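This report refers to the structure that appears directly beneath it.
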Amino acid sequence: MAQNIESRWQQWWDEQGTYIQPNPGETGFDGSKPKYYCLDMFPYPSGAGLHVGHPEGYTATDILCRYKRMRGFNVLHPMGWDAFGLPAEQYAIQTGVHPEVTTKTAIDNFRRQLKRFGFCYDWSRELGTIDPDYYKWTQWIFLQIYHSWFDPDADGGKGKARPINDLIRDFVEGKRKVKLNPHAVEYTGAGDLPDGTDAGPWESLDTETRKAVVDSYRLAYLSQQVVNWCPKLGTALANEEVHDGKSERGGFPVLRKPLRQWMFRITAYADRLLDGLTDLDWPGSTKTQQAEWIGRSEGAEIGFPIVLGGELDMGETLRVFTTRPDTIYGATYMVVAPEHGLVEMAMEFAGGETDGDKIKEYVAWASGRSDVERQENKEKTGVFLGIHVRNPVTEELIPVWTADYVMMGYGTGAIMAVPGQDQRDWDFAKAFDLPIVRTVQPPEDFEGEAYTGDGPAINSDMLNGLHIEEAKAKMIAWLTKHKLGAKRVNFKLRDWLFSRQRYWGEPFPIVFDEFGNHHGVSEDSLPVKLPPLTDYQPVESDTPKPLLAKAREWVHTTAGQAGVDGMHPDSKVTRETNTMPGWAGSCWYYLRYCDHKNSEKLIGDAAQDYWMGEDGVDLYIGGNEHAVLHLLYARFWHMVLYDLGIVKSTEPYRKLFHQGMITSHAFQRADKSLVPIDEVENLGTDGKPSYVEIATEQPVERIVAKMSKSLKNVVNPDDVIAEYGADTFRLYEMYMGPLEASKPWNTRDIIGLHRLIQKIWRLCVDETTGELKFADSADDAVEKQLHRMIAKVGDDIEKLNFNTAIAAMFEFVNVAKALTKDQMDRFVRVIGPFTPHVAEELWHKLGNETSVAVADWPSFDEAMLIDEEIEIPIQVMGKLRSKLHVARDTDVKTLEAMALADEKIRALIDGKTVRKVVVVPGRLVNIVAN
RNA sequence: GGGCCUGUGGCGGAAUUGGCAGACGCAGCGGACUUAAAAUCCGCCGGGGUAAAACCCAUGUGGGUUCGAGUCCCACCAGGCCCA
């Protein structure tokens, strides 16, 4: 029956366009209503179809949106597809089927499955990141970023993105000193002046230098980056995909190789990304994760003069960043990253204390290690460079080592090692027998090694006795005064590597001329369409070659064809062959939903003003696995677009909520290894289970585990819907527990929710005639319970407490045996958001012609929520001893008197002294007596 | 190693935010209806204790604050997630 009713109404909603939400200016739009923009994280349409985790968040937003609509909001609730990405491409490599074919099949399947849940998406706004009409604007945004620079002085020192032409104009007009961007990480390194060098007047520079200067400011820039290159797979790999120098997939060797890559200067926004978190209504843990990822730390940059052979002053300094300048007296050695310029310099001057071969060997070895491996706190490795620096404070000579636990990407790629106050330095010092000097006095009972806590400074001359914060301040002041260092803020956040050597992604709207200079294509030549390929095999090569290089005709074109302004149309150009990473399309999709058919603009003004308002998306629900990457990247794009005046809200997502993971059961052997569920049998009863692995007859323990193919504990929503219907499925997932909690799937429990729907049905419908049945008159108890349910359900929906809302429905149908027509009318409205199909069926049986989805939410009477007579527990010494039945508003004195007069209580306190009587009116009485 | 979160019946969970622990559902037990089963309806359902009550114990463990603690504080144990 469920199948029949559900598919009938789903079809009707489609035909009626029940859930289509018009935009401002369109027919049917009611501008007097407030807006509610409720967004789900759109799915990656995999070939496997939906799993039971998808509909959890989607059902929650569906209920909320239906409720908000009934409460008089215009609701924007769209759905789309995050469809570029690796799995479709991997599949293409194996089968030769174009990723577009497999992806579109997967999308059709996902759409079919989602519609089967009866979700109230406005499908007219559906979009996919692979649609050329969509990625046209992804490319357009890239161009905006490419044509921008970050002016750190703008906006009162907060800094903002400005058009790159503003910068060029400043250079031409002499308003700004022409120099390389001092904040550009790709140009910093040992020996560079921290402030950049004045390049002289603009007109004195040749074209090439001018271009280099301008490019160093772009928010999207090309840079040599050391990546994990796997020749066999023909692509760069993420750190997480490399283990022991081999690729996780296939076990092929991985090299550290510099690659010319597109980068986003997200580091320029570090402070704003951090500060912006404060006002967001996001889970605290997510904010913390982003803040830690950004990793702001205050400290000092200090220059240590480099000394060769113990006396020859090089006239250069080794710059280090440290968060603990107060510990400089305890710096007993220095460490530079193996990629640091000083290592190469050491090898040039090999001889004496410098063992060039050993250094060379070490650097080669370190280059094969991923960042993750290098940061693992295992065995310390390193080589003495034979170079010393002079401690600027103590004037003592300190040896310089290279070791891979120092990263080139963090700070300056060099540290002053203070083993007394840093455990990694301590371990290293122990391993290589280097001196350890404590500069902070640990507490007397301290038994650890490095001491990182606070305490008075020792062995530190002018700092002695000062605590960390004072000592830091004093040292920074001293260094600044003597021009040996300065206060500096450092971030863990790195610039965002935006190139992939893959096929299935957005092409860059960039071409290179014959001299290798890059040019953005003009806006009217967008989209740069992804060319079809027939061969998706990675190019096996030592020199990284992106897959798109195979589309030779597409790659080699002319400026006219590609649409490059300011070049002769016949000039030969080659297209950028890297593609954008999967994050690109998901960085801004929430904007496009507002106005997805707009061919003139990314988003029209009226649509943006109404739907995004000042705070952006009202509620964004998705998994917390996106806590950092997607949610940080999207905020970054939004901020750039804000600076350029394209969007008007400062943040994309006002309120964020993470639904918990739906887990499953699995079985665990004594050694903690897992057993698939079909290899276990229950020899006990349901009440007292006793699980045994069939093959070994050994007992196993039932535990909660992630759903996975190998454990055979994956649940397919299609099967559940086929058996119980979508309404039951929706209720079950919402009744499992709090939305944010991770909860185990338990098929056996579904029946209870199925019974609820049947009880609802039987409460309203006479099963013999199929007609509605009504009570002659309203029962007081039922009427009261109805008011309570309306209040409770509405309140719970607002708080996303769907499990207790459903419990309130259970309580109602357990009380109500018959409803009047008026009661039924209200009841059906309340269940509408949860079980839209059954509700719609009953709603129409009640004689309505329009959908229950557009009905008003019923009101309730506050007075009905309050009991006139209540039960008050009486405690003696905090233990429940008796109860009073009293009028709700009985005052304190009366309650106290009644409690003390209670027979049971009198017996208990007989012979004791009543010390105190605590009375909470309407709550309880507690008697303290002894 | 650091950070965050969680721990309540056989199971999922509830608890007005410091005020009657176990709402609601599942499973289980007993009964009604039925030739029988399913479905449905009624009752019981943390442990000990009792003829039944009374009473005692109980929210991972141990302490603390409080008239009163599942809820707040400290320590520990176990599990999970994130970072390293």
Side-chain angles (χ1 to χ4, degrees), chain A residues 239 283-293 295 371-378 405 407 410 423-424 427 448-450 452 492 623-625 627-628 658 660-663 665 668 672 682 684-690 702-706 731-738 740-756 758-759 762 767 792 795-796 801 803-814 817 865 870-884 904 907-908 914-930:
Chain A
N239 278 331
S285 62
T286 305
K287 289 193 193 183
T288 307
Q289 274 183 54
Q290 285 213 355
E292 282 175 0
W293 186 267
D371 287 0
V372 175
E373 288 174 300
R374 286 172 56 167
Q375 286 168 56
E376 270 172 7
N377 216 354
K378 285 184 188 162
Y405 78 95
M407 302 289 148
Y410 184 76
Q423 189 60 41
R424 285 174 308 175
D427 294 341
E449 298 176 331
T452 54
K492 238 186 255 171
N624 70 357
E625 67 273 19
V628 173
H658 299 304
M661 197 183 6
I662 293 190
T663 55
H665 290 288
Q668 196 176 48
K672 304 233 165 187
N682 183 4
T685 59
D686 278 343
K688 271 213 168 107
S690 151
R702 193 171 90 143
I703 58 152
V704 168
K706 280 186 188 177
L731 282 177
Y732 171 64
E733 286 216 345
M734 293 300 98
Y735 192 60
M736 287 173 80
E740 68 275 18
S742 113
K743 310 160 279 267
W745 180 272
N746 206 342
T747 300
R748 198 169 63 178
D749 291 348
I750 298 172
I751 189 72
L753 287 306
H754 193 58
R755 281 180 198 147
L756 175 59
Q758 289 174 325
K759 281 183 186 178
R762 282 195 299 268
E767 287 195 285
K792 173 79 175 153
D795 196 42
D796 279 348
N801 291 339
N803 52 334
T804 47
I806 294 167
M809 295 179 191
F810 269 112
E811 286 180 277
F812 179 73
V813 296
N814 286 343
K817 299 299 165 211
L865 310 184
I870 55 171
E871 204 180 55
I872 299 276
I874 312 174
Q875 299 179 340
V876 177
M877 303 298 286
K879 293 200 182 217
L880 176 69
R881 295 301 179 188
S882 187
K883 282 174 184 177
L884 292 174
K904 280 188 191 167
L908 275 163
V914 175
R915 307 272 172 204
K916 190 174 175 186
V917 180
V918 181
V919 181
V920 185
R923 248 317 158 251
L924 58 46
V925 180
N926 189 16
I927 297 163
V928 187
N930 55 13

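Chain identifiers are assigned alphabetically (A, B, ...) following the order of the sequence lines, protein sequences preceding nucleic acid strands; residue numbering begins at 1 within each chain. No experiment lies behind these values; they were computed from the predicted model shown.
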* When the C1' atoms of B/rG10 and B/rC44 are considered, how many whole Å apart are they? -> 16 Å
* Asked: What is the nucleic acid contact for A/Lys792, judged by heavy atoms within less than 4.0 Å: base, sugar-phosphate only, or nothing?
  -> nothing
* To do: Measure from CD on A/Glu871 to P on B/rG19 and round the result to the nearest Å.
  => 17 Å
* Check the chi torsion on B/rU17 and let me know: syn if it falls within 90° of 0, anti if not. => syn
* To do: Decide yes or no for A/Gln875 and A/Ile927: does some side-chain heavy atom of the first lie under 4.5 Å from some side-chain heavy atom of the second?
  => no
* Structure fact -> Sorted by chain and residue number, the ring-ring contact (aromatic ring centres under 6.0 Å, His included) partners of A/His665 (sequence neighbours excluded) come out as none
* To do: Provide the distance between the two P atoms, one in B/rG70 and one in B/rA15, to the nearest whole Å.
  => 16 Å
* Could you classify B/rG60 for me, syn or anti, using a glycosidic angle within 90° of 0 as syn? => anti
* Structure fact -> Intra- and inter-strand pairing of RNA chain B, written as dot-bracket with Watson-Crick and G-U pairs under 3.5 Å and | for the latter, reads (((((((..(((......[....))).(((((.......))))).(((......)))..(((((..]....)))))))))))).
* So, is A/Lys879 close to the B/rC57 phosphate, meaning a side-chain N or O under 4.0 Å from OP1 or OP2? -> yes
* Structure fact -> Sorted by position of nearest nucleotide on RNA chain B, 5' first, the leading residue of A/Glu811 and A/Ile751 is A/Glu811
* Asked: For A/Val928, which contact category applies under a 4.0 Å heavy-atom criterion: base, sugar-phosphate, or nothing?
  -> sugar-phosphate
* Asked: With a 4.0 Å cut-off on heavy atoms, is A/Gln875 in touch with a base, just the backbone sugar-phosphate, or nothing at all?
  -> base
* Asked: Residues two or more places apart in sequence or in another chain: which of them pass side-chain hydrogen bond (donor to acceptor under 3.5 Å, both in side chains) with A/Asn746?
  -> none
* To do: Rounded to whole angstrom, note down the P distance from B/rA23 over to B/rU8.
  => 16 Å
* Has the side chain of A/Arg923 got a donor or acceptor atom sitting under 3.5 Å from an opposite partner on the base of B/rU16? -> yes
* Structure fact -> Out of B/rC24, B/rG13, B/rC11, minimum distance to the side chain of A/Tyr735 belongs to B/rC24
* **First encountered from the 5' end of RNA chain B, between A/Phe810 and A/Lys883** => A/Lys883
* Asked: Closest approach of A/Gln289 and A/Ala627, non-hydrogen atoms and distance?
  -> OE1-CB, 3.4 Å
* **A/Asn926 and A/Lys916 side chains, donor-acceptor separation under 3.5 Å** => no
* Gap between atoms CH2 and P, on A/Trp745 and B/rG13 respectively (whole Å) -> 14 Å
* N or O in side chain of A/Asn926 less than 4.0 angstrom from B/rG19 OP1/OP2 -> no
* To do: State, with a plain yes or no, whether a side-chain heavy atom of A/Ile750 is found less than 4.5 Å away from one of A/Tyr735.
  => no
* Does OP1 or OP2 of B/rC67 have a side-chain N or O of A/Lys916 closer than 4.0 Å? -> yes
* Asked: Roughly how far apart, to the nearest Å, are B/rG47 and B/rA58 at atom C1'?
  -> 7 Å
* Asked: Choosing from B/rC55, B/rA23, B/rG12, which nucleotide comes nearest the side chain of A/Ala807?
  -> B/rA23
